[in-house]
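Beneath this line is the structure, given in structure tokens, with notes to follow.
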There are 2 protein chains.
Amino acid sequence: MVNSENTKAQMRKGVLELCILSILSQGDAYPTEIIEKLKETKLVVVEGTLYPLLTRLKNTGLLTYRWEESTSGPPRKYYMLTEIGVTYLKELHLSWYELVDAVNKTINKQD
Amino acid sequence: MVNSENTKAQMRKGVLELCILSILSQGDAYPTEIIEKLKETKLVVVEGTLYPLLTRLKNTGLLTYRWEESTSGPPRKYYMLTEIGVTYLKELHLSWYELVDAVNKTINKQD
DNA sequence: AATTAGTACTATGTGTTGCAAGGTACTAAA
DNA sequence: TTTAGTACCTTGCAACACATAGTACTAATT
């Protein structure tokens with residue numbers, strides 16, 4: 001039996017970084033909020049994936065964060081893009097479009 | 001220092017399977033030939049990546065192969081899609097378009 | 001006939017990543 | 001004070017791409 005779920009998961013890899021940076025470029029957000037926004041566009045991500053990724057992006061200087069009190073629970077960690085992050089995001093945008101172009105060319109070739 | 005090369009490599013992951021199956025749907029091919037075709041569309045893949053992937057696809061029943069003599073070197077292993085492979089490729093096509101759509105939605109959202 | 005270059009296939013070890021699973025901590029309502 | 005809800009964090013595992021090194025076959029050169 002062949003299962004395409006695994007491959008679909010594989011295809012998602014690598015684009016998460018792009019998506020998270022994109023979401024943050026539209027405004028600061030805390031992890032649970034980011035997961036919600038990704039769900040809206042059918043990109044399901046779980047905590048065990050997101051938290052380590054955010055930490056990695058913070059450690060490489062693409063993100064920073066600030067704590068903010070919440071009226072409905074524990075404090076939230078709002079992440080935001082750094083200047084380096086903004087620049088980097090532009091590069092990733094380009095890479096994404098190049099990839100889409102390359103794959104579509106390969107898929108559609110009928111010669 | 002931030003390096004987008006790594007992320008670009010990550011984004012390529014997962015779509016390779018789709019690309020290889022697509023190439024084979026256009027006609028049987030041997031590994032070196034597949035690498036050449038991928039290069040044409042700017043998807044650089046090396047042997048250490050391709051051979052294990054082909055073996056995996058063969059073991060899951062998506063591909064088979066036949067040996068064919070060559071006049072300019074050792075015999076070539078021509079890979080071809082099985083019926084299951086053809087069906088599976090259609091699924092992957094869909095998954096790919098869904099992913100592109102989801103990512104583009106996330107990227108382009110400006111609300 | 002032996003060596004070299006070119007082509008082709010194969011195997012091993014490593015680093016990165018996504019994810020499942022489990023855990024901690026704060027707030028508010030019952 | 002217990003329970004439910006929200007939020008953040010850690011650990012261990014499996015899959016994958018890739019670098020590296022190696023084997024084997026053919027043909028041309030010496």
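By convention in this document, chain letters (A, B, ...) are assigned in the order of the sequence lines, proteins followed by strands, and residues within each chain are numbered from 1.
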N/O (side chain, B:Thr71) to phosphate O (OP1/OP2, D:dT26) under 4.0 Å: no
Does a nitrogen or oxygen in the side chain of B:Tyr30 sit under 4.0 Å from OP1 or OP2 of C:dC9? no
Quick one: on DNA chain C, does A:Glu17 or A:Ser72 contact a more 5' nucleotide (nearest heavy atom)? A:Glu17
Residue-phosphate contact under 4.0 Å: A:Arg76 side-chain N/O, C:dT27 OP1/OP2: no
Regarding C:dC19, can its base be found pairing with the side chain of A:Glu47 as donor and acceptor, where the two atoms are less than 3.5 Å apart? no
Does the side chain of A:Thr49 get closer than 4.0 angstrom to OP1 or OP2 of C:dC19 through an N or O atom? yes
With a 4.0 Å limit, can you tell me whether B:Arg12 has a side-chain N or O closer than that to the phosphate oxygens OP1/OP2 of D:dC16? no
DNA chain C nearest-nucleotide lookup for A:Pro52 and B:Gly73: closer to the 5′ end is B:Gly73
B:Lys77, nearest nucleotide to its side chain (from C:dT17, C:dC9, C:dA20): C:dC9
Does A:Tyr79 form a side-chain hydrogen bond (donor to acceptor under 3.5 Å, both in side chains) with A:Glu33? I'd like the steps, not just the answer. CA-CA 10 Å; A:Tyr79 283 91; A:Glu33 200 180 352; over 6 Å; no
Ionic contact status for A:Lys39 with A:Glu36, cut-off 4.0 Å: yes
Per atom distances to the B:Leu16 side chain, the nearest of D:dG5, C:dT10, D:dC18 is D:dC18
Between D:dC25, C:dC9, D:dA7, which nucleotide has the shortest distance from any of its atoms to the side chain of B:Thr32? C:dC9
Side chain to side chain contact (heavy atoms under 4.5 Å, CB included), paired with B:Leu92, selected from B:Thr87, B:Leu62, B:Leu21: B:Leu21
Distance below 4.0 Å between B:Tyr51 side-chain N/O and C:dT10 OP1 or OP2: no
Ring geometry between A:His93 and A:Tyr97 (parallel below 30°, tilted from 30 to 60°, perpendicular above 60°): parallel
